[in-house]
J.: 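Provided herewith is a single structure, encoded as structure tokens, for subsequent inquiry.
Model, not experiment: these values are computed from the prediction. So that the names make sense, note that chain A is the first sequence line, chain B the second, and so on, each numbered from 1.
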Amino acid sequence: MNIVVLVKQVPDSGAERTLSTDDHTLDREDADLVLDEINERAAEEALRLKESVDAEVTVVSMGPDSALEAIRKVLAMGADRGIHVCDDRLHGADVLTTAKVLAAAVRRVGDIDLVLAGNATTDGQASAVPAVVADLLGLPQVTHARELTVDAGRVRAERQTENGEATLDAPLPALVSVTEKINDPRYPSFKGIMAAKKKPVDTVDLDDLFPDADDAGFLVARTRVVEAVPRPPRAAGIRITDDGSAGRQLVEHLIARKLV
Amino acid sequence: MPDVLVLVDHDGERVHKSTYELLAAARRLGDPAAVVVGAPGTAARLKESLARQGATSVYAAESAEAGEFLVTPAVDALELAVREAPPAAVLVSATTDGREVAARLAARLDSGLLIDAVDLDSSGVVTQIVFGGSYTVRSQVTHGVPVITVRPGAFEPEEHPGEVAERALTLPATDPAASARITARRAAPAGDRPGLTEAAVVVSGGRGVGAADGFKVVEELADALGGAVGASRAAVDAGYYPHQFQVGQTGKSVSPQLYIALGISGAIQHLAGMQTSKTIVAVNKDPEAPILDLADYGVVGDLFAVAPQLTQEVAARRAVG
Ligand SMILES: Cc1cc2nc3c(=O)[nH]c(=O)nc-3n(C[C@H](O)[C@H](O)[C@H](O)COP(=O)(O)OP(=O)(O)OC[C@H]3O[C@@H](n4cnc5c(N)ncnc54)[C@H](O)[C@@H]3O)c2cc1C
Ligand SMILES: Nc1ncnc2c1ncn2[C@@H]1O[C@H](COP(=O)(O)O)[C@@H](O)[C@H]1O
């Protein structure tokens, strides 16, 4: 089996995130960058498949130089090879451009059976890139899976959404995105980390991916930020320590504010 | 006025409230044209309620298999409608399905996509709140028919009854090699509580609730206030409460009038999903808990003492009216 995992490096969500003042894109310079947590779970799912069937796992990431660290981490977990799409022209790329680039990178892998992704990134939170990649590659989208079975040329998944759950079924090749509940990812072993350094990573740019395309048409800006304003931080209001009457005091407060 | 396409969220019998919100948003840009994708006969059933909420036309994109495949039938329907008569914009609810439909549509149209709008003006400028409430951003589509997803709960539905024109769209057959089939559905148990993203009051429990049993205290307060129940990820991961109720960065974003956090520390990823709430109340026994630094009303105390007392007081006031 040929499996591709799409992973993204994101600023650590535990730290403050800022928008750069010049172009309103995410300020990556001061941020701690990590492999997006849900992507680790997509990688884990790929590696579990690799352990049960014979599979080659290619990890694909689009991002600046530093994204190579995210790729190395997945290689250290056990993936076989990487493709790093790195091009300054992709700075601030939107959902559609990102998906077009990722689809082109997946095509480079050749005959694939499964593309695995996270269901949402913690920075963009579009929850949309996998669906668009599926559209562009003509693959069935099996997204938001909290459980996955790949068997006899088909994929079945439990999709979890706000309206409940659905069982999905599709033939391979297919694209799957996983939720944060699907598994607990492994930690890379020391041996894995050492081995990852020798695994092949193909670094490509837009000219490699789209030799015939004219960039102007491809990288056209489709949206424009008119204004970005930091929201004032919330300040603490009233604080009391419960002396046995906090519930009563609270209800008076809520009534005064017409909340009850 | 130009048409504004609105994708209808429904369960076959009833229109979801988020669609009424979309119709209200759409009226700022033009005449709302509601697109119903479903089994034959669905549009006829939903037409009346859509007309009451401001739809001036209803597209029926119906086929026996439209409900059996994930996302692609809705993308096909909207694409057909756009190509037939280019609208001023396409609005879709920013639900799990809606985000995927909108993005695939935008890709096919090579259009600008704006996600998770909380406001929209007549010139098509959209307001978004990003990074869990740290920034307010205003943006605009500059290429193609704007495709916009709208955060559920951000707009008030408005009744605006009028004449409604019916139109039909012929859906192409779905290619089973390029679409996932839905073989079973299990609706989230509806219960009597309002939906998490729609509720005016949300009462959430965290790890401090201590056990699945403990959530009774959270539910009773929510019920007394007519609100929804939420949970932190730690509470969900510990198995105290089901995942669909998770609030935060990887759960739901909520923005109610009143958010009550019981036994929740206030990690940045939790705040990301609730800090745009109008009023925040927190009960935590640790005076150092970060949630107390942004609560409008913070109680340092045991949630098992404070919450039941509050529940009782609310019930007592309700009883006297
Ligand atoms: C990528 C990523 C995504 C995440 N996404 C989310 C998300 O979507 N939502 C989310 O919630 N978290 C999310 N988290 C997890 C987040 O970082 C925290 O771990 C989580 O929010 C903690 O939940 P908690 O406040 O319930 O638990 P804790 O931090 O353990 O806090 C429990 C609190 O309860 C108090 N307490 C205990 N007993 C009582 C009592 N009897 N009465 C009153 N107070 C009591 C304690 O003082 C403590 O403050 C995410 C983390 C990561 C890394
Ligand atoms: N730049 C990127 N490089 C590789 N994969 C990505 C990138 N952006 C998004 N993805 C994939 O798409 C998923 C969902 O992202 P999003 O739609 O942005 O929330 C992520 O979990 C990744 O698997």
J.: Between OG1 of A:Thr167 and CZ of B:Arg186, what distance do you get to the nearest 0.5 Å?
T.: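 These two atoms lie 4.0 Å from each other.
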J.: For A:Arg257, is it the side chain, the backbone, both or neither that has a heavy atom under 4.5 Å from a heavy atom of chain B?
T.: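 For A:Arg257, the contact with chain B is made by the side chain alone.
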J.: Is the number of heavy atoms from other residues, nucleotides or ligands under 6.0 Å of B:Glu198 CD greater than 12?
T.: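 Correct, the count exceeds 12.
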J.: Looking at side-chain heavy atoms only, is the closest gap between A:Arg239 and B:Val300 below 4.5 Å?
T.: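 Result yes, sub-4.5 Å side-chain heavy-atom pair found.
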J.: If you count heavy-atom pairs under 4.5 Å between each of A:Ala99, A:Gly164, A:Pro232 and chain B, which one has the most?
T.: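 Highest number of heavy-atom pairs under 4.5 Å: A:Gly164.
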J.: Please state whether the side chain, the backbone, both or neither of B:Thr149 comes within less than 4.5 Å of a heavy atom of chain A.
T.: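 It is neither, since no heavy atom gets under 4.5 Å.
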J.: Where does A:Arg156 contact chain B at under 4.5 Å (heavy atoms): side chain, backbone, both or neither?
T.: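 Nothing of A:Arg156, per the 4.5 Å heavy-atom cut-off to chain B.
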J.: Heavy-atom distances under 4.5 Å only: say whether A:Glu252 touches chain B with side chain, backbone, both or neither.
T.: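 Side chain only.
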J.: Using heavy-atom distances under 4.5 Å, tell me whether A:Leu172 contacts chain B through its side chain, its backbone, both, or neither.
T.: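 No part of it gets close to chain B.
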J.: Could you go through B:Thr96 and A:Gln160, starting from their C-alpha distance and side-chain angles, then the distance that decides it, and tell me whether this counts as side chain to side chain contact (heavy atoms under 4.5 Å, CB included)?
T.: CA-CA 9 Å; B:Thr96 306; A:Gln160 194 165 42; over 6 Å; no
J.: Would you name the heavy atoms of A:Gly247 and B:Leu310 that are closest together and state the gap between them?
T.: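 Closest approach of A:Gly247 to B:Leu310: O-CD1, 3.6 Å.
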J.: Please check if the number of heavy atoms outside B:Arg14 that lie under 6.0 Å from its CZ is greater than 12.
T.: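 No - once you tally the heavy atoms of other residues, nucleotides and ligands closer than 6.0 Å, there are 12 at most.
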J.: Relative to chain B, which segment of A:Val229 carries a heavy atom at a distance below 4.5 Å: side chain, backbone, both, or neither?
T.: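 Both parts, backbone and side chain.
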J.: Between B:Ala102, B:Gly112, B:Pro287, B:Ala282, which shows the greatest number of heavy-atom pairs under 4.5 Å with chain A?
T.: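 Top count of heavy-atom pairs under 4.5 Å with chain A: B:Gly112.
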J.: Work out which heavy atom in A:Ala246 is nearest to a heavy atom in B:Val299; give both atom names and the distance.
T.: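 So the two residues come closest at CB-CG1, 3.7 Å.
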J.: Between B:Ala107 and chain A, which part of the residue has a heavy atom less than 4.5 Å away: side chain, backbone, both or neither?
T.: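 Contact with chain A involves both backbone and side-chain atoms of B:Ala107.
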J.: Apply the test salt bridge (Lys or Arg N to Asp or Glu O under 4.0 Å) to residues B:Asp296 and A:Arg234: give CA-CA distance (whole Å), side-chain angles for both, the deciding distance (0.1 Å), then the verdict.
T.: CA-CA 9 Å; B:Asp296 299 289; A:Arg234 291 186 83 110; 3.0 Å; yes
J.: Could you tell me which of B:Ala307, B:Pro308, B:Ala224, B:Ser277 has the largest number of non-hydrogen atom pairs under 4.5 Å with chain A?
T.: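 Highest number of heavy-atom pairs under 4.5 Å: B:Ser277.
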J.: Is B:Ser179 in contact with chain A via its backbone, its side chain, both, or neither, using a 4.5 Å heavy-atom distance?
T.: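 Backbone only.
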J.: Atom CD1 in A:Ile255, atom CD in B:Glu313: separation rounded to 0.5 Å?
T.: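 Going from the CD1 atom of A:Ile255 to the CD atom of B:Glu313 covers 8.5 Å.
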J.: Highest number of heavy-atom pairs under 4.5 Å with chain B: which of A:Thr241, A:Val133, A:Asp243?
T.: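 Highest number of pairs under 4.5 Å: A:Thr241.
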J.: I want to check something: taking the side chain as every heavy atom from C-beta on, are A:Leu168 and B:Thr183 in contact at a cut-off of under 4.5 Å?
T.: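 The answer is no, as the side chains (C-beta and beyond) never meet within the 4.5 Å cut-off.
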J.: Atom CG in B:Leu70, atom OG1 in A:Thr143: separation rounded to 0.5 Å?
T.: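 These two atoms lie 5.0 Å from each other.
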J.: Does CZ belonging to B:Arg185 count more than 12 external heavy atoms closer than 6.0 Å?
T.: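 Not buried by this count: 12 neighbours or fewer within 6.0 Å.
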J.: Nearest 0.5 angstrom please: B:Glu68 CD to A:Asp169 CG, how far?
T.: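 With rounding to 0.5 Å, CD (B:Glu68) is 12.0 Å from CG (A:Asp169).
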J.: Judged by modelled atom types alone, do B:Arg104 and A:Gln141 share a side-chain donor-acceptor pair under 3.5 Å?
T.: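 Yes.
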J.: Calculate, to the nearest 0.5 Å, the distance between atoms CD and OG1 belonging to A:Glu227 and B:Thr136 respectively.
T.: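 It is 8.5 Å, given to the nearest 0.5 Å.
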J.: With a 4.5 Å cut-off on side-chain heavy atoms, are A:Thr223 and B:Leu114 touching?
T.: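 The answer is yes; the side chains approach within 4.5 Å.
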J.: So what's closer than 4.5 Å to chain B heavy atoms on A:Leu175: side chain, backbone, both or neither?
T.: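 Interface part for A:Leu175: neither.
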J.: At a heavy-atom separation under 4.5 Å, does A:Ala157 approach chain B through its side chain, its backbone, both, or neither?
T.: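 Neither part, no heavy atoms under 4.5 Å.
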J.: If you round to the nearest 0.5 Å, how far is NZ of B:Lys278 from CG of A:Leu259?
T.: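 Rounded to the nearest 0.5 Å, the CG-NZ separation comes out at 10.5 Å.
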J.: Can you tell which part of B:Pro146 gets under 4.5 Å to a heavy atom of chain A, answering side chain, backbone, both or neither?
T.: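 Contact with chain A involves no heavy atom of B:Pro146 at all.
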J.: Relative to chain B, which of A:Glu165, A:Gln249, A:Arg146 shows the most heavy atom pairs under 4.5 Å?
T.: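 Looking at each option in turn, the highest pair count goes to A:Glu165.
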J.: Restricting to non-hydrogen atoms, name the atom on A:Leu96 and the atom on B:Ser111 that form the minimum distance, rounded to 0.1 Å.
T.: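 Answer, listing the atom of A:Leu96 first, then B:Ser111: CD1-O, 3.1 Å.
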J.: Given a strict heavy-atom distance threshold of 4.5 Å, which part of B:Ile280 is in contact with chain A: side chain, backbone, both, or neither?
T.: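 Both the backbone and the side chain of B:Ile280 come within 4.5 Å of chain A.
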J.: Check each atom of A:Ala235 against the heavy atoms of chain B and say whether the ones under 4.5 Å are side chain, backbone, both or neither.
T.: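 For A:Ala235, the backbone is the part near chain B, not the side chain.
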J.: Going through the distances and angles, do A:Glu180 and B:Gln246 end up as a side chain to side chain contact (heavy atoms under 4.5 Å, CB included)?
T.: CA-CA 12 Å; A:Glu180 61 174 10; B:Gln246 182 172 316; 3.1 Å; yes
J.: Report which part of B:Ile182 has an atom under 4.5 Å of a heavy atom belonging to chain A: side chain, backbone, both, or neither.
T.: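 Contact with chain A: backbone and side chain both.
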J.: Verify side chain to side chain contact (heavy atoms under 4.5 Å, CB included) between B:Asp97 and A:Arg159, making sure each step is shown before the conclusion.
T.: CA-CA 11 Å; B:Asp97 287 43; A:Arg159 170 180 171 94; 2.9 Å; yes
J.: Counting only heavy atoms closer than 4.5 Å, note whether B:Val71 contacts chain A via side chain, backbone, both or neither.
T.: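 B:Val71 touches chain A through side-chain heavy atoms alone.
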J.: Checking B:Gln309 side chain against A:Gly244 main chain: does a donor-acceptor pair fall under 3.5 Å?
T.: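 Checked: pair present.
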J.: Could you check A:Arg222 against B:Leu109 for side chain to side chain contact (heavy atoms under 4.5 Å, CB included), going step by step and ending with a plain yes or no?
T.: CA-CA 11 Å; A:Arg222 301 180 190 88; B:Leu109 301 172; over 6 Å; no
J.: Most heavy-atom pairs under 4.5 angstrom with chain B, which of A:Ala131, A:Ala170, A:Pro130?
T.: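 If we count pairs closer than 4.5 Å to chain B, A:Ala131 comes out on top.
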J.: Compare all side-chain heavy atoms of A:His144 with those of B:Glu100 and state whether any distance is below 4.5 angstrom.
T.: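 They are in contact (side-chain heavy atoms under 4.5 Å apart), so the answer is yes.
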J.: Quick one: what part of A:Leu137 sits under 4.5 Å from any heavy atom of chain B, side chain, backbone, both or neither?
T.: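 Neither; nothing under 4.5 Å.
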J.: For residues A:Pro140 and B:Ala180, report the shortest heavy-atom separation together with the two atoms involved.
T.: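 Result for this residue pair: CB-N, 3.7 Å.
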J.: List the steps and the verdict of salt bridge (Lys or Arg N to Asp or Glu O under 4.0 Å) for B:Asp237 and A:Lys181.
T.: CA-CA 8 Å; B:Asp237 285 349; A:Lys181 305 296 179 205; 2.8 Å; yes
J.: Taking every heavy-atom pair that is under 4.5 Å apart, which of B:Ala94, B:Ala106, B:Ala305, B:Ala200 has the most such pairs with chain A?
T.: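 The option with the most such pairs is B:Ala106.
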J.: If you count heavy-atom pairs within less than 4.5 Å of chain A, which of B:Ala267, B:Gly144, B:Gly226, B:Ala184 leads?
T.: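 Of the options given, most contacts go to B:Ala184.
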J.: Checking heavy atoms, do the side chain of A:Leu139, its backbone, both or neither come under 4.5 Å from chain B?
T.: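 Just the backbone, heavy atoms under 4.5 Å.
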J.: Which one, B:Ala177, B:Pro176, B:Gly195, leads in non-hydrogen pairs under 4.5 Å with chain A?
T.: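 The residue among B:Ala177, B:Pro176, B:Gly195 with the greatest pair count is B:Ala177.
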J.: Does a salt bridge link A:Asp242 with B:Lys285, judged by any charged N lying under 4.0 Å from a carboxylate O?
T.: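 Answer for the salt bridge query: no.
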J.: B:Val281 versus chain A, heavy atoms under 4.5 Å apart: side chain, backbone, both or neither?
T.: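 When you check distances to chain A, only side chain atoms of B:Val281 fall under 4.5 Å.
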